[in-house]
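In the text below, chain A, chain B and the rest are named by the order of the sequence lines, each starting its count at 1.
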Amino acid sequence: MLPAANRLRNGKDFARTTRNGARVTSPSLVLYVLTRTGNSTGPQVGLIVNKSVGGSVVRHRVARQLRHLIAPQLHKFDQETQIVIRTLRMKDSYTAELEDLIERVQKKLLVVS
RNA sequence: AGAGUCGCCUGGAUCACCGCGUUAUGUUUACAUACCGAGGAAAGUCCGGACUCCGCAGAGCAAAGUGGUGGGUAACGCCCACCCGGGGAAACCCGCGGGAACAGUGCCACAGAAAAUAGACCGCUCAUUAGCAAUAAUGGGUAAGGGUGAAACGGUGGUGUAAGAGACCACCAGCAUUUAUGGCGACAUAGAUGGCUAGGCAAACCCCACUUGGAGCAAGACCAGAUUGAUAGCGCUUGAGAACUGCUCGUUCGAGCUAUCGGGUAGGUUGCUUGAUUCUGCGAGCAAUUGCAGAACUAGAUGGAUGGUGAUCCAAUCGAAAGAUGGACAGGAUCCGGCUUAUAGGGCGACUCUUCUU
């Protein structure tokens with residue numbers, strides 16, 4: 001699970017990350033990453049799980065699994081990073097997909113910088 | 001043993017490691033330790049309350065809701081018991097169950113002759129005319145028979161008649177009035193009298209009785225911060241506008257209000273969980289429920305905690321086995337009481353009928 005400091009909670013931060021951040025997509029996930037945000041609290045992660053994914057129980061389950069999967073990957077990111085994961089549809093396991101996305105987004109960020 | 005009816009409970013378990021949220025303690029501002037951490041429906045948001053705020057809520061009209069009787073409850077549209085009607089062999093189940101002459105209006109598809117102050121399609125029958133006759137035509141009488149329909153204006157038997165008919169009689173059903181008995185009551189049972197007979201729909205308008213102030217935890221309180229413009233209209237005690245309130249009256253507040261354009265905020269703390277609470281025992285009551293005593297504390301998040309991995313057991317499915325697959329419906333958001341809907345599997349109890357044995 002994510003420690004409290006590594007959670008994205010403000011509506012504004014969500015809007016800024018999804019609008020200005022680097023974006024990579026896979027069949028069931030979308031990853032937004034925004035670097036050099038100015039606050040060095042450590043990488044922050046937020047989740048968007050749409051109602052189209054499933055009922056309340058399913059959405060909570062998906063959110064928990066994703067939070068758990070992203071936690072060991074956080075050290076790969078800069079301190080001033082904000083990440084938003086958007087879920088498009090239901091899947092049994094997101095492990096491989098998420099690792100692939102992180103690899104791709106890091107390459108993208110390297111090119112930009 | 002079989003078939004069935006009703007009610008209730010349960011809703012995978014244990015361990016290890018790594019994580020998350022509240023609270024407490026310790027160092028101290030980030031960690032450590034300890035405790036606790038979703039449901040029977042947390043759901044739908046359909047009723048009823050608690051709680052909070054509003055200029056403490058007046059009268060009339062309108063509107064909405066409820067509708068057998070008695071009881072329970074903080075309250076209810078809920079629950080219990082009983083009554084009535086319907087279904088079943090029974091346990092038991094179902095019912096939005098006031099009023100249909102004593103107010104009035106309306107509707108009753110299709111079929112059928114006719115759907116409500118009746119009605120003559122077929123049939124039955126009488127008279128007259130025509131005809132040798134069968135029969136036909138015309139004018140009457142007739143609701144016993146036929147067929148239609150969810151429903152056809154009492155039923156059975158007789159007297160009677162040209163044929164028939166509550167026209168008359170007996171019994172039965174049902175209606176109205178009334179008496180007695182039982183019951184708190186809805187009502188039931190028994191009798192008397194009357195006239196021979198009265199369709200359904202009030203989930204159609206309507207009538208009767210009772211109930212209802214409005215908004216809701218994004219309620220409300222505190223802290224911090226931002227915008228604090230432009231144009232037009234109305235008004236400043238000769239009253240704009242606002243609240244009760246949907247309308248009228250009435251009461252109260254009252255110096256700003258309304259429309260368009262432009263701009264800004266929605267951050268934190270609190271409300272926030274000890275309550276019509278839960279469990280146990282002894283009483284009251286057929287029951288719903290309730291009185292007294294003792295014990296217990298059982299989520300409180302706010303981009304929103306309860307998760308991940310592994311092992312064993314349990315249930316299920318597949319399979320000869322080894323083994324493999326893999327866990328119903330579903331996630332708190334101020335809190336309670338109900339209702340409704342979803343729900344794999346497992347368990348317990350009470351009762352009814354049939355068969356067998358004693």
Side-chain angles (χ1 to χ4, degrees):
Chain A
M1 287 306 298
L2 289 168
N6 295 72
R7 290 181 194 172
L8 196 63
R9 22 190 71 182
N10 203 298
K12 273 181 180 169
D13 291 338
F14 270 84
R16 196 167 49 159
T17 308
T18 50
R19 218 168 284 159
N20 305 330
R23 192 183 65 188
V24 283
T25 56
S26 71
S28 52
L29 293 174
V30 181
L31 193 69
Y32 303 91
V33 179
L34 185 68
T35 48
R36 282 171 281 181
T37 53
N39 40 350
S40 56
T41 49
Q44 292 183 314
V45 180
L47 297 166
I48 299 172
V49 185
N50 202 276
K51 204 167 187 179
S52 61
V53 173
S56 183
V57 175
V58 173
R59 293 205 303 276
H60 273 88
R61 247 181 70 77
V62 168
R64 284 166 187 155
Q65 287 175 342
L66 286 174
R67 265 198 297 259
H68 211 271
L69 288 172
I70 197 76
Q73 311 283 345
L74 283 180
H75 68 273
K76 296 180 182 171
F77 291 98
D78 198 63
Q79 285 295 298
E80 301 180 2
T81 310
Q82 288 181 340
I83 305 164
V84 173
I85 305 170
R86 185 194 293 275
T87 315
L88 300 177
R89 52 194 176 81
M90 175 72 185
K91 225 183 160 191
D92 288 341
S93 172
Y94 297 96
T95 317
E97 217 170 307
L98 189 67
E99 279 179 16
D100 177 52
L101 279 177
I102 287 169
E103 219 171 288
R104 278 163 56 194
V105 82
Q106 281 187 318
K107 277 182 196 166
K108 200 167 182 181
L109 288 171
L110 276 173
V111 170
V112 169
S113 59

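The environment of Arg104(A) atom CZ is dense: over 12 non-hydrogen atoms of other residues, nucleotides or ligands sit within 6.0 angstrom.
Residue Arg59(A) contributes atom CZ, which lies 18 Å from atom C1' of G307(B) at whole-angstrom precision. Remark: C1' of G307(B) and CG of Leu47(A) are 13 Å apart, rounded to the nearest angstrom. A straight line from NE2 of His68(A) to C1' of C20(B) spans 9 Å, rounded to a whole angstrom. Here the P atom of nucleotide G19(B) and the CD1 atom of Ile70(A) are 18 Å apart, to the nearest Å.
For Val30(A) against Arg23(A), the heavy-atom pair with the smallest separation is CG1-CG, 3.8 Å. Summarising the geometry of Ala63(A) relative to Leu47(A), their closest heavy-atom pair is O-CD1, 3.5 Å, with the distance given to 0.1 Å.
Its glycosidic angle being within 90° of 0, G40(B) falls on the syn side.
A gap of 35 Å separates the P atoms of A276(B) and G26(B), to the nearest Å. A distance of about 49 Å separates the C1' atoms of C286(B) and G149(B), rounded to the whole Å.
Contact annotation: Gln65(A) side-chain N/O to G307(B) OP1/OP2 distance is not under 4.0 Å. Taking only side-chain nitrogens and oxygens, Arg67(A) comes nearer than 4.0 Å to OP1 or OP2 of A305(B).
You'll find the side chain of Ile102(A) reaches within 4.5 Å of the side chain of Ile70(A), heavy atoms only. Annotation: side chain of His60(A) is in contact with side chain of Arg64(A) (closest heavy-atom distance under 4.5 Å).
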What N/O pairs connect the protein and nucleotides 330-332 of chain B at under 3.5 Å? Give each pair on its own line.
residue	atom	partner	partner atom	Å
G331(B)	OP2	Val57(A)	N	3.4
G332(B)	OP2	Ser56(A)	OG	3.2

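For Arg86(A), the side-chain hydrogen bond (donor to acceptor under 3.5 Å, both in side chains) partners two or more places apart in sequence, or in a different chain, are Tyr32(A).
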